[in-house]
Amino acid sequence: MVGQGVLRECLRDERVEEVLVIGRAEVGGQSPKLRQLVRSDLADLGDVADQLAGYDACFFCLGVSAVGMSREDYRRITYDLTLSIARLLAAVDPGMRFIYVSGAGTNADGRQMWAQVKGETENALLALPFEAYLFRPGIIQPLHGITSKTRLYRSIYTVATPLFSILKRVGTSIITTEQIGRAMIAVAADGPVDDPEDNPADNPVDRILSNREIGQLAAG
């Protein structure tokens, strides 16, 4: 769902010259700046490494729900697959910015299995020799006909859609797929925007972005 939103914004943004989508199947839509690389095994990209160089950023939006999955299976997709691609990109182009879609509540020391695995993934990404930024969105509102490919999430969003406006009025932090896409492009182009109140000039920029920071970046 996030990937669909990010792709839409990339194809609409004049700053983006080219988009390479890597996946197990082609995405819909046509654009002169869209390239697609279909691979049956995303963990094995070594033979196309030369095609991955020269990009300013990787928007890593791949992920699965942990519902009904064992820790081993969830870790294989969430940690192993992510790091296999990230390590290849770090070697091919260490100047690239790697923007990873994680989730609110991620914590390597947390109680929930998914939070622990995602937290371990985040820590490993931050240790690689490129700039990694961790997006931790909470509630996401899909726009422009975008839907989740996960049946459970589709059902939840179908029920929740009429409630989004109410949740916003009572102060609940909600991010849209459009805002996430714009924020990721902003990080790729300029890096995160420093908030002087949270990040004084003599402190390193925080690379973990929650709904609040995502919204600020999207607004420009």
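Just so you know, these numbers come straight off a predicted model, no measurement behind them. Side chains included, hydrogens not; waters and symmetry mates left out as well; all remaining heavy atoms used.
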Between the side chains of R97 and E131, is the shortest nitrogen-to-carboxylate-oxygen separation below 4.0 Å, so that they form an ion pair? yes
With a 4.0 Å cut-off, would you call K33 and E17 a salt bridge? no
Check [X] against [Y] and note the closest heavy-atom contact, atom names and distance.
X   : Y    : result
A86 : F130 : O-CE2, 3.4 Å
C61 : V2   : SG-CG1, 4.2 Å
L34 : L11  : CB-CD2, 4.2 Å
A53 : V92  : CB-CG1, 3.4 Å
D47 : R39  : OD1-NH2, 2.7 Å
I99 : A57  : CD1-CB, 4.4 Å

Within the structure provided, determine whether [X] and [Y] are in side-chain contact (heavy-atom separation under 4.5 Å).
X    : Y    : value
I175 : Q141 : no
R182 : I214 : no
D56  : M96  : no
L209 : R136 : no
Y55  : L89  : no
E178 : R8   : yes
R76  : L81  : no

Supply the atom-to-atom distance [X] [atom1] to [Y] [atom2], rounded to the nearest 0.5 angstrom.
X    : Y    : atom1 : atom2 : result
I22  : C58  : CD1   : SG    : 7.0 Å
T82  : R75  : OG1   : CZ    : 10.5 Å
D190 : L217 : CG    : CG    : 9.5 Å
S31  : E18  : OG    : CD    : 10.0 Å
I180 : Q4   : CD1   : CD    : 12.0 Å
R87  : L128 : CZ    : CG    : 6.5 Å

When V67, T106, T78 are each screened for side chain to side chain contact (heavy atoms under 4.5 Å, CB included) with W114, the one that passes is T106
Donor-acceptor pair between S102 and E122 side chains, under 3.5 angstrom: yes
No-hydrogen, no-angle side-chain donor-acceptor test under 3.5 Å, Q116 and R71: yes
Hey, quick one: are V38 and V19 part of the same hydrophobic cluster, counting side-chain heavy atoms closer than 4.5 Å, chains of contacts allowed? no
Indicate, with yes or no, if V48 and L88 share a hydrophobic cluster defined by side-chain heavy-atom contacts under 4.5 Å among Ile, Leu, Val, Met, Phe, Trp and Tyr. yes
Under the side-chain contact (heavy atoms from CB on, under 4.5 Å) rule, what do L7 and V21 come out as? Steps first, then yes or no, please. CA-CA 8 Å; L7 176 59; V21 175; 4.0 Å; yes
N/O donor-acceptor pair under 3.5 Å between D93 side chain and G54 backbone: yes
Whether Q179 side chain and T176 backbone form a donor-acceptor pair below 3.5 Å: yes
Using the side-chain contact (heavy atoms from CB on, under 4.5 Å) rule, take I85 and F60 through it: C-alpha gap first, then chi angles, then the decisive distance, then the call. CA-CA 9 Å; I85 295 174; F60 197 91; 3.7 Å; yes
A91: partners by side-chain contact (heavy atoms from CB on, under 4.5 Å), with sequence neighbours left out: none
I'd like to check the side-chain contact (heavy atoms from CB on, under 4.5 Å) partners of A124; sequence neighbours left out, ordered by chain and number. Y79, L83
Would you please test L52 and L20 for side-chain contact (heavy atoms from CB on, under 4.5 Å) and show each step? CA-CA 8 Å; L52 310 180; L20 172 63; 3.9 Å; yes
With a 6.0 Å cut-off on ring centres, are F135 and Y100 close enough? no
Under the criterion side-chain contact (heavy atoms from CB on, under 4.5 Å), I'd like the reasoning laid out for Q51 against R35: C-alpha separation, chi angles, the key distance, then a yes or no. CA-CA 11 Å; Q51 298 184 45; R35 290 181 55 219; 3.3 Å; yes
